[in-house]
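The structure's right below; bear with me while I get my questions together.
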Amino acid sequence: NAGVTQTPKFQVLKTGQSMTLQCAQDMNHNSMYWYRQDPGMGLRLIYYSASEGTTDKGEVPNGYNVSRLNKREFSLRLESAAPSQTSVYFCASMGGRDYGYTFGSGTRLTVV
Amino acid sequence: AQTVTQSQPEMSVQEAETVTLSCTYDTSESDYYLFWYKQPPSRQMILVIRQEAYKQQNATENRFSVNFQKAAKSFSLKISDSQLGDAAMYFCAYRKVVNAGNNRKLIWGLGTSLAVNP
C-alpha cells in the first residue's frame, strides 16, 4: 500500500551512540517532516523539508541532523544520543495544498 | 503565532453514546485548514476529518462530524454511536493555506485521550 515507511520501529541506544532513522514515501509528496512525541507535550517538529533539496529547523532541532536524499527519502540522524532523546519519532509527508499529513508508523527510541 | 488548544486532556463516553471533543485555535488568517487526527494504542496517526475555513458547511465522515465556528475560532469533533475502537488520543491541528517558504507545517494541540466504556 502507498504511504510512509519508517524504520526501525524500535531501537535501544546507549548514551553517545549514533543512529539514523529512515523514512520513505511513495506518494510523490514534496514536503516531509520529522516529529517527536513525548507524554504531555504533543507533537514537536524537529526538522522539515518543504521540497527536495531544502531542509529547515523546527521547534526542537538540537542534537539532530537531517538529509533529504531525494524526493522520496528524508532521514533523521542522532550523532550522539542522549537520554533526553528518548521518545517516539514520527515521519510524515504532505502532498497537495488541501491535505494534511500522512504519517509513518513511528519509531520508539530509548536511550539508556 | 498560531496556537491550538484542546482544553480536555481526558474524556470518556459510553459505548453507543455521543461525545464531543473541543478545540480552539488562534489565528489572524482568513483562509486555513483544520484537522482532527486519531492515535490509537497502536501509535499510528490517522486522519479523521478535515475542514477548509472558507467552507461554511461542517465536514462529516460517517460517525464523525465537526462543529466549525469560524468567528469563535472553535473546531469541535463529534463522535456519534461511539465504538470501542474509537478509544484513542485525538489531536486537533491547524495549517495555513501556504506558509512562507512554501512550507505547510501543522500546528498541533496537546491531545484529548478518549476512553470508551462498554
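Everything numeric here is computed off the predicted structure, so don't read it as measured data.
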**OP:** Could you list which of residues 37-46 of chain B have a heavy atom closer than 4.5 Å to any heavy atom of chain A, in residue-number order?
**Re:** B:Tyr37, B:Gln39, B:Arg43, B:Gln44, B:Met45

Original post:
According to the interplanar angle, ranging from 0 to 90°, do the rings of B:Phe75 and B:Trp36 count as parallel (below 30°), tilted (30 to 60°) or perpendicular (above 60°)?
Top reply: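 Rings of B:Phe75 and B:Trp36: parallel, under 30°.
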
Subject >> Engaged part of A:Leu45 at the chain B interface, taking heavy atoms whose separation is under 4.5 Å >> reply: side chain

Subject >> A:Arg77 side chain to A:Thr20 side chain, donor-acceptor N/O pair below 3.5 angstrom >> reply: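 A pair is found: one side chain offers a donor N or O, the other an acceptor, under 3.5 Å apart.
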
Original post:
Does A:Phe10 sit in a hydrophobic cluster with other residues, and if so which ones, taking ILVMFWY side chains as linked at heavy-atom separations under 4.5 Å, directly or through other members?
Top reply: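 Direct or chained contacts put A:Phe10 with none.
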
Subject >> side chain to side chain donor-acceptor pair (under 3.5 Å) evaluation trace for B:Tyr94 with B:Thr27 >> reply: CA-CA 9 Å; B:Tyr94 160 98; B:Thr27 184; 2.7 Å; yes

**OP:** Pick out which of A:Phe90, A:Phe74, A:Tyr101, A:Tyr48 makes a ring-ring contact (aromatic ring centres under 6.0 Å, His included) with A:Tyr35.
**Re:**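 Looking at A:Phe90, A:Phe74, A:Tyr101, A:Tyr48, the match for A:Tyr35 under the ring-ring contact (aromatic ring centres under 6.0 Å, His included) is A:Tyr101.
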
Original post:
Any link between A:Met32 and A:Val60 through a network of hydrophobic side chains (Ile, Leu, Val, Met, Phe, Trp, Tyr) touching at under 4.5 Å?
Top reply: yes

Subject >> Residue part contacting chain B, namely of A:Arg108, when any heavy atom lies under 4.5 Å >> reply: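 The answer is both parts of A:Arg108.
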
Subject >> Aromatic ring pairing B:Phe64/B:Tyr90, orientation class (parallel under 30°, perpendicular over 60°, tilted between) >> reply: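 Tilted: the ring planes of B:Phe64 and B:Tyr90 meet at 30° to 60°.
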
Subject >> Check: B:Tyr54/B:Tyr33 side-chain N/O donor and acceptor closer than 3.5 Å >> reply: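 Their side chains do not contain a donor-acceptor pair, so the 3.5 Å distance test is not met.
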
Subject >> Residue B:Lys73 excluded, over 12 heavy atoms near NZ under 6.0 Å >> reply: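 Atom NZ in B:Lys73 is crowded, with more than 12 foreign heavy atoms closer than 6.0 Å.
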
**OP:** Tabulate, in ascending numerical order, the residues of residues 106-118 of chain B having at least one heavy atom closer than 4.5 Å to a heavy atom of chain A, or enter 'none'.
**Re:**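 If one takes a 4.5 Å heavy-atom cut-off, the residues of residues 106-118 of chain B near chain A are B:Leu106, B:Trp108, B:Leu110.
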
Original post:
Got a sec, which residues hit side-chain contact (heavy atoms from CB on, under 4.5 Å) with A:Arg72, two or more places apart in sequence or on another chain?
Top reply: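 A:Arg72 satisfies side-chain contact (heavy atoms from CB on, under 4.5 Å) with A:Ala24, A:Asn70 only.
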
